[in-house]
Protein chains: 2
Amino acid sequence: MVPEKYNVQAEIIKALAHPSRLYIVSELAKREICVCDLTEMVGADISTISKHLLVLKNAGIVSTRKEGTQIFYKLLCPCILDFVSCIANVARKNAETSMKGV
Amino acid sequence: MVPEKYNVQAEIIKALAHPSRLYIVSELAKREICVCDLTEMVGADISTISKHLLVLKNAGIVSTRKEGTQIFYKLLCPCILDFVSCIANVARKNAETSMKGV
DNA sequence: ATGCTATTTTACCAATAAGCCAAATATGAA
DNA sequence: TTCATATTTGGCTTATTGGTAAAATAGCAT
């Protein structure tokens with residue numbers, strides 16, 4: 001009963017629904033970054049980061065560029081940032097609401 | 001190493017990262033809908049829908065209004081729609097790319 | 001009170017996702 | 001070639017999620 005397009009969209013959203021991946025995307029919005037730098041920034045095992053990046057790539061959110069032994073990732077769709085700001089807005093509202101004890 | 005705000009945001013995004021919930025949110029963007037109608041629309045067990053709605057409510061995405069024995073859900077943040085359109089855009093680009101066999 | 005409808009909660013199972021280690025692969029340097 | 005660095009992949013364990021059925025809860029009518 002759920003139209004097919006929501007399956008497709010949910011797949012993409014799922015790729016963003018993880019703290020590390022969201023952080024990675026936000027940083028990639030500023031500049032290209034290689035896996036080793038992202039690994040340092042996130043502070044997890046490099047294999048974990050590699051898998052996160054694969055998820056983002058499969059979702060069509062990032063692309064890669066090889067330079068020597070390094071692989072640089074970059075953000076494909078800047079509109080992702082608008083989306084993040086919307087979510088940040090919801091988060092802010094939630095914080096306000098819970099402060100009021102509502 | 002990942003700033004706390006990404007944990008908060010990822011929680012909200014996670015709530016949207018499911019086909020049924022995304023469909024529900026899209027429909028709630030048009031009008032208030034009660035649980036029983038949503039159940040019909042999605043075509044799943046009512047307990048499943050109820051859980052999905054709880055997820056959306058906990059994320060601060062929807063609110064409820066009781067009317068007799070029915071409970072109506074409505075969308076709290078219209079900006080969610082912009083976000084969905086961004087995702088739809090990514091999905092469209094992905095489809096184009098895979099068509100070209102890239 | 002009883003019954004009827006709408007909704008949520010609980011309990012349980014199956015499927016998926018996240019994490020790390022170790023092994024494999026790739027590139028460039030010596 | 002061998003070595004070192006960068007990255008991906010496979011395997012494994014643990015934790016989370018999605019689904020349904022059954023029980024519990026709530027509101028309204030009789």
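What's counted below: heavy atoms across the whole structure, side chains too, no hydrogens, waters or symmetry copies. A, B, ... follow the sequence lines: proteins, then strands. Residue 1 opens every chain.
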Of the options [options], whose atoms approach the side-chain atoms of [X] most closely?
X	options	result
A:Ser50	C:dC20, D:dT8, C:dT7	D:dT8
B:His52	D:dA26, D:dT9, D:dG19	D:dG19
B:Leu54	D:dT20, D:dT7, C:dT9	C:dT9
A:Lys14	C:dT8, D:dT5, C:dA17	C:dA17
B:Ala44	C:dT8, D:dT9, D:dT20	D:dT20
A:Ile46	C:dT5, C:dT27, D:dT7	D:dT7
A:Asp45	C:dC21, C:dT27, C:dA6	C:dC21

Report which part of the nucleic acid [X] touches: base, sugar-phosphate, or nothing (heavy-atom distance under 4.0 Å, all strands).
X	result
A:Tyr73	sugar-phosphate
B:Ile71	sugar-phosphate
B:Lys57	nothing

With respect to B:Tyr73, which candidate in B:Ile49, B:Ile33, B:Leu28, B:Leu56 satisfies the side-chain contact (heavy atoms from CB on, under 4.5 Å) definition?
-> B:Leu28

A:Ile87, A:Val90, A:Leu16 screened by side-chain contact (heavy atoms from CB on, under 4.5 Å) with B:Leu16, the one that passes =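 Of the listed residues A:Ile87, A:Val90, A:Leu16, the side-chain contact (heavy atoms from CB on, under 4.5 Å) partner of B:Leu16 is A:Ile87.
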
Between [atom2] of [N] and [atom1] of [X], the distance in whole Å:
X	N	atom1	atom2	value
B:Ile33	C:dT7	CD1	C1'	16 Å
A:Glu67	D:dT5	CD	P	19 Å
A:Asn7	D:dG18	CG	P	13 Å
A:Glu11	C:dA17	CD	C1'	12 Å
A:Glu40	D:dT5	CD	P	14 Å
B:Ile49	C:dT9	CD1	C1'	16 Å
B:Gln70	D:dC28	CD	P	11 Å
B:Ile24	C:dT7	CD1	C1'	14 Å

Give a yes/no answer on whether the side chain of A:His18 brings an N or O atom under 4.0 Å of OP1 or OP2 in C:dG19.
->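 Yes, within the criterion.
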
Does A:Thr48 have a side-chain nitrogen or oxygen under 4.0 Å from the phosphate oxygens OP1 or OP2 of C:dC20?
-> yes

Evaluate whether atom CD of A:Glu40 has more than 12 neighbouring non-hydrogen atoms of other residues, nucleotides or ligands under 6.0 angstrom away.
->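 Atom CD in A:Glu40 is not crowded, with 12 or fewer foreign heavy atoms closer than 6.0 Å.
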
Select from B:Phe72 and A:Arg21 the residue whose nearest nucleotide in DNA chain C is closer to the 5' end of that strand.
-> B:Phe72

Can you find a donor-acceptor N/O pair under 3.5 angstrom joining the side chain of A:Lys51 to the base of D:dG11?
->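 Result: at least one qualifying N/O pair found.
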
Got a donor-acceptor pair under 3.5 Å from the side chain of A:Ser47 to the base of C:dC21?
->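 Check passes, donor-acceptor contact within cut-off.
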
Is there a path of hydrophobic side-chain contacts, each under 4.5 Å between heavy atoms of I, L, V, M, F, W or Y residues, that connects A:Leu38 with A:Ile71?
-> yes

Identify whether A:Val35 and B:Val2 are in the same connected component of the hydrophobic contact network (ILVMFWY, side-chain heavy atoms under 4.5 Å).
-> yes

Checking A:Ser26 side chain against A:Leu22 main chain: does a donor-acceptor pair fall under 3.5 Å?
->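 At least one qualifying donor-acceptor pair exists.
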
